[in-house]
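What follows is one structure encoded as structure tokens, with my remarks underneath.
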2 protein chains.
Amino acid sequence: MLIRIDPRGSEPIYQQIVRELRRAIASGEVAAGERLPAARELARSLDVNMHTVLRAYTELRDAEVIDLRRGRGAVVLEQPTAAPEVGEAVAELLEVARRHRIPLSRIHQALDEGAQR
Amino acid sequence: MLIRIDPRGSEPIYQQIVRELRRAIASGEVAAGERLPAARELARSLDVNMHTVLRAYTELRDAEVIDLRRGRGAVVLEQPTAAPEVGEAVAELLEVARRHRIPLSRIHQALDEGAQR
DNA sequence: ACCTATTTGTCCGTATGTATG
DNA sequence: CCATACATACGGACAAATAGG
């Protein structure tokens with residue numbers, strides 16, 4: 001698997017790794033069930049520190065993209081395709097906003113603010 | 001503000017710090033708007049590394065318990081009281097979107113489409 | 001049940017960058 | 001411009017979970 005980073009870019013290295021791995025997974029370069037390289041190994045091949053890769057891996061675990069465990073490594077999870085949940089959450093938010101008479105523009109704003117954190 | 005940790009306990013130090021700070025905030029020892037000690041400072045007083053405290057602070061920020069910014073420090077947030085429903089619906093939608101890895105732009109679009117009906 | 005290798009988890013220390021006031 | 005304080009990255013060390021023999 002090939003991912004590339006730019007150590008001198010303004011984007012933090014660990015975020016670049018997250019982005020690249022997401023891309024590799026989304027594109028099918030790495031299939032569900034496959035294991036990503038060990039953190040130290042990937043770190044060596046990218047010439048960055050182990051902690052930097054581990055931080056990226058931890059983020060991907062939090063986002064439920066990989067299963068990351070001590071002694072086992074990072075295994076790519078099955079990615080859900082259909083998402084009725086999303087439609088439900090949208091409908092719920094719209095309903096709540098309507099009830100409180102909160103303008104849609106304010107909801108968009110709240111989403112962006114929430115997404116930033 | 002007084003918090004205590006046990007460096008030899010099985011629970012990771014950074015989690016102990018998170019737990020203790022949550023307790024201190026919940027009990028009112030530290031009020032909303034007040035600033036927590038600087039990471040280095042608290043680290044020194046607990047005799048742990050700065051990173052360990054910073055990791056705890058970062059978790060509290062993710063949990064929206066504090067506002068943590070460089071140059072400013074960690075300020076305890078007002079716990080939302082009014083119309084928590086809206087915030088919850090937003091958080092829920094963001095969570096669902098994150099889980100399904102749907103980009104924020106797509107969520108905005110879905111909101112607009114849903115609002116039209 | 002035991003031992004060993006692998007791999008992440010946590011913590012320490014240090015250095016440099018960057019936003020805030 | 002300057003001091004403060006978090007943000008990122010590096011390197012090293014040891015602990016703990018996992019898997020396999």
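Convention: sequence-line order gives letters A, B, ...; per-chain numbering from 1.
Nearest heavy-atom pair, A:Thr58 versus A:Leu68, reported as atom, atom and distance to 0.1 Å: N-CD2, 4.0 Å. Contact between A:Ala89 and B:Leu93 at its shortest, heavy atoms only, is CB-CD1, 3.6 Å. Considering all non-hydrogen atoms of both residues, B:Val90 and A:Ala110 come closest at CG1-O, 4.0 Å. Across every non-hydrogen atom of A:Ile3 and A:Leu46, the tightest pair is O-CD2, 3.6 Å. Scanning both residues, B:Arg35 and B:Val75, for their nearest heavy atoms gives CG-CG2, 3.7 Å. Considering all non-hydrogen atoms of both residues, A:Glu11 and A:Gln16 come closest at O-NE2, 2.8 Å.
Spacing between atom CZ of A:Arg8 and atom P of C:dT18 amounts to 14 Å, rounded to whole angstrom units. Taking atom CG on A:Leu42 and atom P on C:dT6, their separation rounds to 18 Å, with Å as the unit. The CZ atom of A:Arg72 sits 11 Å away from the C1' atom of C:dT7 (whole-angstrom rounding).
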Practice problem: Could you run through nucleotides 10-17 of chain C and give me one letter per nucleotide, 5' to 3': B if any protein heavy atom sits under 4.0 Å from the base, S if only the sugar-phosphate is that close, - if neither? | Solution: BBSBB--B
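More than 12 heavy atoms of other residues, nucleotides or ligands shown are found within 6.0 angstrom of CG on A:Asp6.
Of all nucleotides in DNA chain D having an atom under 4.0 Å from a heavy atom of chain B, the first and last in 5' to 3' order are D:dT4 to D:dA9.
Nearest-nucleotide positions on DNA chain D place B:Glu41 closer to the 5' end than the other of A:Arg69 and B:Glu41.
Under a hydrophobic-cluster definition in which Ile, Leu, Val, Met, Phe, Trp and Tyr are linked whenever side-chain heavy atoms come within less than 4.5 Å, directly or via other members, A:Leu77 and A:Val30 are assigned to different clusters.
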